[in-house]
Student: 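Before I ask anything, let me first share the structure, which is written out below as C-alpha cells.
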Amino acid sequence: MRRINNYADGELPRTAEEVYEEQKSTFLPENSVVSQSRQEGAITCETKEYIEQMIASSGGNTDAYEGIYHKHLYNTMPENVDSIVEKRLDYIQARIDQRIELCEAEGSYDVRDNEELVESITTEIKNSMEKQYADAAAISAYMEFQEYYENPLNEDKQSKLEAVMFRNNKMSIEEEKQKIIERFEAMTQNGELEYLVRGAPLLCLYGSHARHLDMYRSHGIYVNNKAVAFEEDCIVNKNISYFGHCNAPGCSLTEIISLKLGSVVNTDGVALQEVEDYIKVGIKCVPEFDGKWQNPHLTTLIAKDGGAEVFGDGLSPYHAALTTASYLICKQGGLIYPLTSGQIDEAYYYAAFQNYPFNDYGSEAFYKWCEMKDICPTIAGQPGHTQWHQKRIDNALTDFRLAKEKYENRYPENRVESNPYSNPLASLGASAEYKESAEYEVTRDNAQAAFECCLLDADRVGAANMSSEQAKKYGDILQDYLSSGILQEEEKKEVVSRYGEFLKVYRGARGITE
C-alpha cells in the first residue's frame, strides 16, 4: 500500500524508556498549563477575589468566607482530584503502552513510578478543575456567607458583583440560552432561514467540541444536492454524536474522559487545529434529548417512507423540516443549535488516519495502528484508498445479500424488486420474532455506509484532483452502489446527484451517452 509520506529519517524507539522520552513532550509541553501553574501557583478566581475585597471593606470575616468557598468548591466538583488524576494517568499509560506495542519496543514503563509526571499531572488537574468550578463555588459560598454572617451588599456593590460573576458575557448561562432562542424566533419571523442539511455543524452551549448532523438516509427533499433534515433527526449516535466535555451546571453525568482541544473539527467532530497543545480532562457529554427538534419549519413538511400507508399507529406521516433557527434541548440543560445550514461544503479534506496520535505518519507503527483501528491509511485518489474500501464494500455486500435472501425466502410477498417502497420493519414489526427482517435492515445500513464512506472521501477530493485512472475506479464503485439493490429509487436519485461527477467518468470511459 502506498505510503502517505516519507518517514525515512527516524528510527522507531526500541526500548520502553525511549518511548517515554519520545512521548513525554505531549504530556509536559513547555507552554502548557502545567508549566504555567508551576510558575504562577494556583489559578485564581476573579469572582472570589472581588467578593473577598467587598467582605473585607465591610469589616467581614474573610477567613470564614474562604472556608465556605473551599467547601463549595470541592462539593461542586464531580469527583475528587485524586480520582481524576488516576484517570489521566491511565490515559497516559495506555498511550505509552500502545506506542510500545506499535514500535515493538523492549520492556515496559510504569508512568506512576515517574514522580515528576505524577506531580505535574496532579497540579494541572487541580488547577483546571478549580478554574472550571471556581465561579459557581464563589457565588454559592457568598450566598451561604450572607445567610450566616448577615453582611448584605448595597445596590452598587451588588451590580458590580453581578458584572464580575458573569464577566465573560455579562449574563447568566440561562439568560444566554434564552437570548439564543429569542434570536431563532426572530429569524423565523423575519424569514431569515436556511434549511438544515446533512453535515451541518452543530454546537452545544455546554459542550467543548462541535459536531455535525448526520443522516444515513434522506427523506426525499434536497437543497444544493444535500438531504434536508427533519424534526425527528435527533437520535444519539446516529444523527448526533457527543459534544466532547459537558460543562453544564448540575450535570448528573460521571464518566471522565481526556480530549484534545480544537477549534475546527471534521465530520466526526475530531479536532483539526489545536488551540492548546495538551489534553483536557472533563466529564464526557452524553446527550439525551427531550423530544424532537424545536422551532422547525411549520409549512415545509416531509412524508416519511412513502406516506400514511406505512404507518398503522395513527400518527401523522409528515414531519417538519429543520432550519438554521431550529434547536434541541438536552436533559442535562444544554442547548444544541446549528452553526450554519451545512449547505456550503467545508473547505478542507480530513482523512481518518490523521487521528493517528503520534507524529510518524507512514512508519510501520502507523500502518499497524491503522490496521488495529480498521482505518484506511491512504488519502482518497491514491491507489490504496480504493483497494482498502473495495474489500470493506465486498464484505458488507456479501452479508447484505445473504440476509436479503433469507428475508425474501421467508416473506416472498415483500420482495424488494416487486415492492421497491416496502419497509420491512414497518410492515412486519420490529420484534425478535422477525429476525430476518431486522438482520436485513442492519446489513443494508452497513453496506450503504461502506459505499458512502468511500465515495464521500472521493467527493471531497474531487475527480478533477486525482488521476483519470483513479477517478474511473470511483466511477465503478458508484455504479456498483447504484446496482447493488441497497437503494430505493429516490435514494438512487440522491446518490447520483451527490456523486454525479464520478458517474460521468464511468459513462465516459464506456462511451455511454445517457
Student: Hey, could you give me each pair passing salt bridge (charged side-chain N to carboxylate O under 4.0 Å, His left out) that has a residue in residues 369-380? Not counting sequence neighbours.
Tutor: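 Applying salt bridge (charged side-chain N to carboxylate O under 4.0 Å, His left out) to every pair that reaches into residues 369-380, excluding sequence neighbours, yields Asp374-Arg392.
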
Student: For residues Thr378 and Trp388, determine if any side-chain heavy atom of one lies less than 4.5 Å from a side-chain heavy atom of the other.
Tutor: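 No; the side chains remain at least 4.5 Å from each other.
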
Student: Do Arg88 and Ile92 have side chains that get closer than 4.5 Å, going by heavy atoms?
Tutor: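 Yes, their side chains come closer than 4.5 Å.
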
Student: Just to verify, what does Leu455 make a side chain to side chain contact (heavy atoms under 4.5 Å, CB included) with, not counting sequence neighbours?
Tutor: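 In terms of side chain to side chain contact (heavy atoms under 4.5 Å, CB included), with neighbours along the sequence ignored, Leu455 is linked to Ile477, Leu478, Tyr481, Tyr499.
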
Student: Locate the shortest heavy-atom distance separating Thr443 from Ala403; write the atom from each residue and the value.
Tutor: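 Looking at all heavy atoms of both residues, the shortest contact is OG1-CB, 3.4 Å.
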
Student: Just so I know, are the side chains of Gln23 and Arg95 near enough to count as touching, which here means a heavy-atom distance under 4.5 Å?
Tutor: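 Heavy-atom side-chain distance check passes, below 4.5 Å.
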
Student: Sequence neighbours excluded, which residues qualify as side chain to side chain donor-acceptor pair (under 3.5 Å) partners of Tyr109?
Tutor: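 Tyr109 satisfies side chain to side chain donor-acceptor pair (under 3.5 Å) with Asn114 only.
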
Student: Are Leu328 and Ile240 packed together at the side-chain level, in the sense that at least one heavy-atom pair is separated by less than 4.5 angstrom?
Tutor: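 Sidechains of Ile240 and Leu328: in contact.
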
Student: With distance as the sole test, does Thr122 use its side chain to make a donor-acceptor pair with the main-chain N or O of Val118 at under 3.5 Å?
Tutor: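 Yes, because the side chain of Thr122 sits within donor-acceptor range (under 3.5 Å) of the backbone of Val118.
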
Student: Any chance you could measure Leu339, atom CG, to Leu213, atom CG, to the nearest 0.5 Å?
Tutor: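 Here the rounded value is 13.0 Å.
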
Student: Do Tyr337 and Phe184 have side-chain heavy atoms sitting under 4.5 Å apart?
Tutor: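 Side chain of Tyr337 against side chain of Phe184, heavy atoms only: contact under 4.5 Å found.
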
Student: Any side-chain heavy atom of Tyr367 within less than 4.5 Å of one from Ser363?
Tutor: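 Counting from C-beta outward, Tyr367 and Ser363 never come under 4.5 Å.
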
Student: How long is the straight-line distance from CD1 of Ile486 back to CD of Glu452, given to the nearest 0.5 Å?
Tutor: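 Reported value, rounded in 0.5 Å steps: 9.5 Å.
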
Student: Show the nearest heavy-atom pair for residues Gly384 and Cys376, with the distance to one decimal.
Tutor: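 Gly384 and Cys376 have their closest heavy atoms at O-SG, 4.5 Å.
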
Student: Please name all residues satisfying side chain to side chain contact (heavy atoms under 4.5 Å, CB included) with Arg198, sequence neighbours left out, ordered by chain then number.
Tutor: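 Here the qualifying residues are Asp214, Met215, Ala227, Glu494, Arg498.
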
Student: Under the criterion side chain to side chain contact (heavy atoms under 4.5 Å, CB included), I'd like the reasoning laid out for Leu335 against Tyr206: C-alpha separation, chi angles, the key distance, then a yes or no.
Tutor: CA-CA 8 Å; Leu335 177 75; Tyr206 293 122; over 6 Å; no

Student: Do Gln470 and Thr386 pass the side chain to side chain contact (heavy atoms under 4.5 Å, CB included) test, and can you show the C-alpha distance, the side-chain angles, and the key distance before you say yes or no?
Tutor: CA-CA 8 Å; Gln470 285 302 307; Thr386 49; 3.6 Å; yes

Student: Should Arg14 and Cys103 be marked as a side chain to side chain contact (heavy atoms under 4.5 Å, CB included) after you check the CA-CA gap, both sets of side-chain angles, and the distance that decides it?
Tutor: CA-CA 7 Å; Arg14 294 305 174 193; Cys103 296; 5.5 Å; no

Student: Relative to each other, are the rings of His245 and His209 parallel, tilted or perpendicular (30° and 60° limits)?
Tutor: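 Taking His209 first and then His245, their aromatic rings stand perpendicular (interplane angle over 60°).
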
Student: Can you run down the salt bridge (charged side-chain N to carboxylate O under 4.0 Å, His left out) pairs that involve residues 235-248, sequence neighbours left out, and say none if there aren't any?
Tutor: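 Listed once each, the pairs would be none.
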
Student: If you measure from CG on Leu397 to CG on Leu402, what distance do you get to the nearest 0.5 Å?
Tutor: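 Leu397 CG to Leu402 CG: 11.0 Å, rounded to 0.5 Å.
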
Student: Tell me every residue that passes side chain to side chain contact (heavy atoms under 4.5 Å, CB included) with Val223, counting only those two or more places apart in sequence or in another chain.
Tutor: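 Result, side chain to side chain contact (heavy atoms under 4.5 Å, CB included) vs Val223: Tyr195, Val197, Val228, Gln343.
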
Student: Are Arg99 and Glu22 ion-paired here, with the side-chain N under 4.0 Å from a carboxylate O?
Tutor: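 Salt bridge flag = yes for Glu22 with Arg99.
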
Student: Treating Trp293 as the side-chain partner and Asp233 as the backbone partner, does any N or O pair qualify as donor plus acceptor under 3.5 Å?
Tutor: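 Yes.
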
Student: Tell me yes or no: between the side chains of His385 and Tyr474, is some donor less than 3.5 Å from an acceptor?
Tutor: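 Yes, side-chain donor-acceptor contact under 3.5 Å.
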
Student: Output, in order, the C-alpha distance, side-chain angles, deciding distance and verdict of side chain to side chain contact (heavy atoms under 4.5 Å, CB included) for Phe243 and Leu202.
Tutor: CA-CA 9 Å; Phe243 292 89; Leu202 305 176; 4.1 Å; yes

Student: So do the side chains of Ile181 and Gln294 get within less than 4.5 Å of each other, counting heavy atoms only?
Tutor: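 Contact flag for Ile181/Gln294 side chains = no.
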
Student: For Ser341, does its backbone N or O pair with a side-chain atom of Thr324 as donor and acceptor, under 3.5 Å?
Tutor: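 No, Thr324 side chain to Ser341 backbone: no donor-acceptor pair under 3.5 Å.
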
Student: Compare every heavy atom of Cys330 with every heavy atom of Phe289, then report the nearest pair and how far apart it is.
Tutor: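 Closest approach of Phe289 to Cys330: CD2-CA, 4.3 Å.
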
Student: For Asp97, give me all partners under side chain to side chain donor-acceptor pair (under 3.5 Å), at least two apart in sequence or on another chain.
Tutor: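 With sequence neighbours excluded, Asp97 shows a side chain to side chain donor-acceptor pair (under 3.5 Å) to Gln93, given in chain and number order.
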
Student: Give, for atom SG of Cys204 and atom OH of Tyr242, the distance between the pair rounded to the nearest 0.5 Å.
Tutor: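 Cys204 SG to Tyr242 OH: 13.5 Å, rounded to 0.5 Å.
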
Student: Would you mind reporting whether Asn446 and Asp399 have side-chain heavy atoms less than 4.5 Å apart?
Tutor: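 A side-chain contact is absent here, since even the closest heavy-atom pair is not under 4.5 Å.
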
Student: How far apart are the closest heavy atoms of Ile100 and Gly107, and which atoms are they?
Tutor: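 Closest approach of Ile100 to Gly107, heavy atoms only: CG2-O, 3.9 Å.
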
Student: Using a 3.5 Å distance criterion without hydrogens, assess whether the side chain of Lys368 forms a donor-acceptor pair with backbone atoms of Glu101.
Tutor: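 It does hold such a pair.
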
Student: Of all heavy-atom pairs between Ala396 and Ala450, which one has the smallest distance, and what is that distance?
Tutor: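 In this case the closest contact between Ala396 and Ala450 is CB-CB, 4.2 Å.
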
Student: Listed by chain and number, what are the side chain to side chain donor-acceptor pair (under 3.5 Å) partners of Asp394, not counting sequence neighbours?
Tutor: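 Checked Asp394 against side chain to side chain donor-acceptor pair (under 3.5 Å); matches are Gln390.
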
Student: What's the shortest heavy-atom distance between Ala463 and Val505, and which atoms?
Tutor: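 So the two residues come closest at CB-CG2, 4.4 Å.
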
Student: Could you pull out all residues at least two apart from Glu21 that satisfy side chain to side chain donor-acceptor pair (under 3.5 Å)?
Tutor: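 Listed in chain order: Lys24.
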
Student: Only counting residues at least two apart or in another chain, list the ones meeting side chain to side chain contact (heavy atoms under 4.5 Å, CB included) with Glu52.
Tutor: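 For Glu52 the side chain to side chain contact (heavy atoms under 4.5 Å, CB included) partners, ignoring immediate neighbours, are Lys48, Tyr65, Glu66.
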
Student: Check salt bridge (charged side-chain N to carboxylate O under 4.0 Å, His left out) between Glu86 and all other residues, then give those that pass, not counting sequence neighbours.
Tutor: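 Applying salt bridge (charged side-chain N to carboxylate O under 4.0 Å, His left out) to Glu86 gives Arg112.
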
Student: Scan residues 463-472 for pairs that pass salt bridge (charged side-chain N to carboxylate O under 4.0 Å, His left out), counting only residues two or more places apart or in two chains.
Tutor: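 Listed by first then second residue: nothing to list.
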
Student: Atom SG in Cys234, atom CD in Glu288: separation rounded to 0.5 Å?
Tutor: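 Answer rounded to 0.5 Å: 11.5 Å.
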
Student: About how many Å separate OG of Ser120 and CD of Glu115, when rounded to the nearest 0.5 Å?
Tutor: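 Taking CD in Glu115 and OG in Ser120, the distance rounds to 11.5 Å.
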
